[in-house]
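These notes concern the structure reproduced below.
Atoms considered below: every heavy atom in the structure, side chains included; atoms not considered: hydrogens, waters and symmetry mates. Positions are given from 1 along the sequence.
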Amino acid sequence: MFDGLPTRGARPLVVLKRAALALLALCAVTAAASGYRAYYQVRSLALHLSGPALRGGSVIRFEVSGSGRTTVDVRVELIQGGHSETLAERRLPGNGWAAFDPRPTGASHSVAVTPEHLARFRDGAAKVRATATGRPQWTRLPPPTVRETEVEILRD
């Protein structure tokens, strides 16, 4: 009674159904990974200074790693009291096929502090702040990733 399939043409339909289910499972896994990458766009942000004091010629370096889902903007600022100035900006582009391409993106950038930058500040305590900001995904803008380091400004 239940020895085989009732018709000869049913086997190709079973194979087609299994292939469609496998493709659907693959798309679900890709969508889940892509959703995670859309939610957490900045993987890491590191800020490195050549020393605890900023002088003319001091080097500030940052490294950023993104999920590759979208563009990430990085801004480095020198802040003292209510005065702040942007020292460097860098844009880290996302991958071309961002929803399907899981490769992370990364960049590093260095900026040399010039005496002209420091002329607009007074000697004393200050902060160097690096801020990495992603793009809105699904009407949600993720909070920026911020790294700060306390420095001493010494103008020669």
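Its side chain outside the 4.5 Å cluster rule for every partner, Leu21 clusters with none of the Ile, Leu, Val, Met, Phe, Trp and Tyr residues. Grouped with Val59 in a hydrophobic cluster is no other residue, since no side-chain heavy-atom contact under 4.5 Å to another Ile, Leu, Val, Met, Phe, Trp or Tyr is found. Through chains of ILVMFWY side-chain contacts below 4.5 Å, Val111 is grouped with Val42, Leu45, Leu47, Leu49, Leu54, Ile60, Phe62, Val64, Val72, Val74, Val76, Leu78, Leu87, Leu92, Val113, Leu118, Phe121, Val128, Val151, Ile153.
Counting non-hydrogen atoms of other residues, nucleotides and ligands closer than 6.0 Å to CH2 of Trp138 gives a total above 12.
Legend: ring pair (Phe, Tyr, Trp, His ring centres under 6.0 Å) pairs involving residues 34-60, not counting sequence neighbours, sorted by first then second residue: Tyr36-Tyr40.
Annotation: side chain of His109 is not in contact with side chain of Arg61 (no heavy-atom distance under 4.5 Å). Two residues are said to be in side-chain contact when any heavy atoms from C-beta on lie closer than 4.5 Å; Val146 and Glu148 meet this criterion.
Shown here for Ala119 and Arg155, the closest heavy-atom pair between the two residues is O-NH1, 3.5 Å.
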> Should Arg147 and Arg129 be marked as a side chain to side chain contact (heavy atoms under 4.5 Å, CB included) after you check the CA-CA gap, both sets of side-chain angles, and the distance that decides it?
Replying inline: CA-CA 6 Å; Arg147 300 290 181 261; Arg129 177 184 296 160; over 6 Å; no
>> Determine whether Arg91 and Glu89 satisfy the following criterion, salt bridge (charged side-chain N to carboxylate O under 4.0 Å, His left out), listing intermediate values before the conclusion.
In response: CA-CA 7 Å; Arg91 179 166 283 172; Glu89 289 182 323; over 6 Å; no
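Not counting sequence neighbours, the partners of Arg55 by the side-chain contact (heavy atoms from CB on, under 4.5 Å) test are Ala53, Ser58, Leu154, Asp156. By the side-chain hydrogen bond (donor to acceptor under 3.5 Å, both in side chains) test, Ser50 pairs with no residue at all, sequence neighbours left out.
A donor atom on one side chain and an acceptor atom on the other are not found under 3.5 Å apart for Gln41 and Arg135.
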